[in-house]
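Here's the structure we're looking at; comments come further down.
Note that ligands are numbered from 1 as they come in the structure, with each ligand's atoms numbered from 1 the same way.
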Amino acid sequence: MSAISVTSLRKSYKNVSAVDDVSFDVERGEVFALLGPNGAGKTTCIEILEGFLRRDSGQVQVLGVDPGLRQQQQWLRARIGVVLQELAVESFFTVRQVLERNAGFYPAPRPIDDVIELVGLREKSDAKVKKLSGGQQRRLDIGLGIIGRPELLFLDEPTTGLDPGARRTTWELIRTLSSEGTTVLLSSHYMDEVEALAKRVAVLRRGHVVAAGPPASLGGRDRGQVTIRFNLPAGVAPSELPVTPTRLEGTSVEINTNDEVVVLNEITNWALRQRVSLTGLDVTRKTLEDVYLALTHEETNEATGVLK
Ligand code: ATP
């Protein structure tokens, strides 16, 4: 059974169609990421799955129950963890007090000190929430999300505002939770984060899923064009190269090809025969960010600046 199953989900706010015919499944124990530009519909989807927002239509199952049914919500709340985009705790309590209060909502919470340690707030455990930095508040949010040992954890942009060290610590925490069997639904704007953590992703654009799959093969990333770069050897004219460059800037040669094995073979054989070295030789495919930007590209009317 999937941890999350979404079929033909729709939600509008007055005249804004925020989620329009979205379908995806998240397997148990999987880290699944929702990507998409601001306003694409990620938070709307997540809030429907959490049972905080009513859908207009479509089928939704979370841990086998419908989060839209009031009678299922208490059961579901005990089994999910939620990290929202905004901190939703009383700022005059201390970190420890906030965690203790929330632990009381769950049948078998994690020990408070373990949570404080896991999110790296040991030195701030007795500090008032309002005295925490933005990044420290974000860590507390994550602590609140995991205190109930959730089967399923929703993380809405969990590392926004965190410094690079704290981001890596949070990644480690997510990996640990995942290895313990926790299912994680993540929304993020950071492609490195998604690549490091998610087994599969769905890209949303204006309420639609425009691509879905593992980050490594999203949008045909593992196939298609490759860019080969190297520096033109000293004393060699571009016309002497065995393959015509796609681009030449100074001594920097760039060749785009769909047949990298053949092209690399020709170039390296030629270099060996000519006894020249190919400094800076580099072979790259499209990055996840390249694919993401192509999938979510918005055309604007040049005259008005309004989206077409
Ligand atoms: P972000 O990356 O900025 O968090 P998102 O992908 O989470 O964006 P949503 O917050 O789901 O996007 O918003 C989807 C669309 O619905 C947007 O056009 C947004 O303006 C609209 N919307 C969201 N909440 C409301 C609301 N309460 N009332 C009216 N419109 C809303």
Donor-acceptor pairs under 3.5 Å, side chain of residues 1-8 to any protein atom, not counting sequence neighbours: which ones?
unit_1, atom_1, unit_2, atom_2, d
Ser2, OG, Asp25, OD2, 3.3
Ser5, OG, Asp25, OD1, 3.3

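Pairs engaging residues 165-175 under the salt bridge (Lys or Arg N to Asp or Glu O under 4.0 Å) rule: Arg167-Asp192, Arg167-Glu193, Glu172-Arg175 [sequence neighbours left out].
Distance alone, capped at 3.5 Å, places no donor-acceptor pair between the Glu157 side chain and the His189 backbone.
Atom CD of Gln74 is surrounded by 12 or fewer heavy atoms from other residues, nucleotides or ligands within 6.0 Å.
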Distance dump, ligand 1 polar atoms to protein, N/O, under 3.5 Å:
unit_1, atom_1, unit_2, atom_2, d
ligand 1, 2 (O), Asn38, ND2, 3.2
ligand 1, 2 (O), Lys42, NZ, 2.8
ligand 1, 2 (O), His189, NE2, 3.0
ligand 1, 3 (O), Asn38, ND2, 2.9
ligand 1, 4 (O), Gln85, NE2, 3.0
ligand 1, 6 (O), Ala40, N, 3.1
ligand 1, 6 (O), Gly41, N, 2.9
ligand 1, 6 (O), Lys42, N, 2.9
ligand 1, 6 (O), Lys42, NZ, 2.8
ligand 1, 7 (O), Thr43, N, 2.8
ligand 1, 7 (O), Thr43, OG1, 2.7
ligand 1, 8 (O), Gly39, N, 2.8
ligand 1, 11 (O), Thr44, N, 2.9
ligand 1, 11 (O), Thr44, OG1, 2.6
ligand 1, 12 (O), Gly41, N, 3.2

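Among Asp156, Thr160, Thr43, the single residue meeting the side chain to side chain donor-acceptor pair (under 3.5 Å) criterion with Ser187 is Asp156.
Grouping Ile, Leu, Val, Met, Phe, Trp and Tyr residues whose side-chain heavy atoms lie under 4.5 Å apart, directly or via other members, places Val226 in a hydrophobic cluster with Ile228, Phe230, Leu232, Val236, Leu241, Val243, Leu248, Val253, Ile255, Val263, Leu264, Ile267, Trp270, Val276, Leu278, Leu281, Val283.
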